[in-house]
*Asks:* 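I am attaching a structure below and will ask some questions about it afterwards.
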Amino acid sequence: MIEKLNLLQQHALAALGDVDGLAALDEWRSQTLGRKGELSSLMRGMGKVPAEERPAVGQAANEVKATLEAAYETRRLSLAEAAQREALQRDAVDVTLPGRAAEVGRLHPETQTLREIYAAFADLGFQVYRSRDVELDEYNFQLLNFPLHHPARDMQDSFYVASPEGTEGDVLLRTHTSPGQVHAMREVVAQAKADGLGDNELPPVRIVLPGMCYRNEQITARSEIQFLQVEGLAVGKKITMADLKGTLHYFVRRLFGPQRKLRFRTSYFPFTEPSAEVDMDCILCEGSGCRLCKYTGWLEILGCGMVHPTVLRNGGYDPDIYSGFAFGMGPERITMLKYGIQDIRYFWSNDLRFLEQF
Ligand code: PHE
């Protein structure tokens, strides 16, 4: 029996030497010293040992048990220590590495351009007015002097909105910010009337009107199905085309430099008369001709005109007493010119590689 005990101890110690981790060590312990382990099962043979030998066998068994337990504890400590050393090494921080800069949030380039536009016009007394994205055909076209079925509507392929009340074809996503002109005028006039003011006493309007617009167009580097516009509207007594020209000169020089020249080309919009398209001299070549301006020396930046008498009347202003000017520009176009951006699709595709440059 003592022989067997010594043999058990010898084998167990050898096996302990091969244990290479804390999990294997646990395994070893239950196999060797556990209730169903090797030592316990050997001791179950104690009954067959002659009575006079039992004390000696018992003592030997206790010694084996103590030896194995001590060996187990030593092994456990050294494995735990090794595991800790390894973990420390694995998670070691190299304090000599350069730090990672914290990401700073930033404004979308369009937000930056919009704020520049607001600031320039705020200094001329224009307030920001916001109008709805989902419009009635009436406001988007009819009140702006687009007659029903007028071919000018083909200029703007619209997204119509399904409507449960059988008003299909009457509700659409605004194709431009111009319908806001009528909303703004009507709001001012309604307030004035409520205050008891007469047709000759209406307050003036001076607003810029930003907003997303939507057109069902082929998406290309130059045109998107959704894009921003900023409308401008001034209504009052004795407002002339000279006021329009002065306002736009001030604005363009504020955004693109004090030496900028403007050119007004006659154009057509149903809601302005006369109408013009405005070019500024090319910011890259200063007018001598380059790729940006397609060798014309000029860059188109907005559409404008004197508010059509019909539109004034639709807004509640008597065109015999009041006049006004309006303009509409695309902030994407302005941002593209400012930063030399080649493709309008970058603006609303949420690519951080683009956005993080601003
Ligand atoms: N609404 C016109 C467009 O979308 C721009 C414009 C606005 C022109 C105001 C004249 C006056 O093209």
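Order of appearance sets the numbers: ligands from 1, and atoms from 1 within every ligand.
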*Asks:* Considering F271, F269, Y268, F227, which one's heavy-atom position lies nearest to atom 11 (C) of ligand 1?
*Replies:*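 Of the listed residues, F271 has the closest heavy atom.
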
*Asks:* Give yes if a backbone or side-chain nitrogen or oxygen of T272 is under 3.5 Å from a nitrogen or oxygen of ligand 1, and no if not.
*Replies:*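 Between T272 and ligand 1 (N or O atoms, distance only) the closest approach is not under 3.5 Å.
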
*Asks:* Within a reach of under 6.0 Å around CZ of R222, are more than 12 heavy atoms found that belong to other residues, nucleotides or ligands?
*Replies:*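 For R222, atom CZ is not crowded (no more than 12 foreign heavy atoms under 6.0 Å).
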
*Asks:* Walk me through it: do R106 and E103 pass the test salt bridge (charged side-chain N to carboxylate O under 4.0 Å, His left out)?
*Replies:* CA-CA 9 Å; R106 64 198 83 214; E103 275 297 324; 3.7 Å; yes

*Asks:* Does Q229 have a non-hydrogen atom less than 4.0 Å from ligand 1?
*Replies:*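 Right, Q229 reaches ligand 1.
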
*Asks:* Once you restrict to heavy atoms under 4.0 Å, what part of S275 touches ligand 1? Side chain, backbone, both or neither.
*Replies:*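 Neither; no heavy atom under 4.0 Å.
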
*Asks:* Using ring-ring contact (aromatic ring centres under 6.0 Å, His included), reason through F358 and H108 one step at a time and then give a plain yes or no.
*Replies:* CA-CA 7 Å; F358 298 92; H108 192 284; 8.0 Å; no

*Asks:* Does R254 come within less than 4.0 Å of D123, counting only side-chain N to carboxylate O?
*Replies:*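 Looking at D123 together with R254, the answer is yes, because their closest N to O distance falls below 4.0 Å.
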
*Asks:* Are D320 and R313 close enough for a salt bridge, meaning some N to O gap below 4.0 Å?
*Replies:*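 No, no charged N to carboxylate O under 4.0 Å.
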
*Asks:* Just distances here: any N/O of T175 and N/O of ligand 1 closer than 3.5 Å?
*Replies:*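 No; every N/O pair is 3.5 Å or more apart.
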
*Asks:* State whether a side-chain donor-acceptor pair under 3.5 Å links Q218 with S223.
*Replies:*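 No, no side-chain donor-acceptor contact under 3.5 Å.
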
*Asks:* As an exercise, identify every atom of ligand 1 less than 4.0 angstrom from a heavy atom of F327.
*Replies:*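 With F327 as reference, the close atoms of ligand 1 come out as 7 (C), 9 (C), 11 (C).
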
*Asks:* Please work out, at 4.0 Å between heavy atoms, whether the side chain, the backbone, both, or neither of R215 comes within that distance of ligand 1.
*Replies:*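 The answer is the side chain.
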
*Asks:* Need the ligand 1 atom indices (1-based, order shown) with element for anything under 4.0 Å from a heavy-atom of S178.
*Replies:*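 Numbered from 1, ligand 1 contributes 1 (N), 7 (C).
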
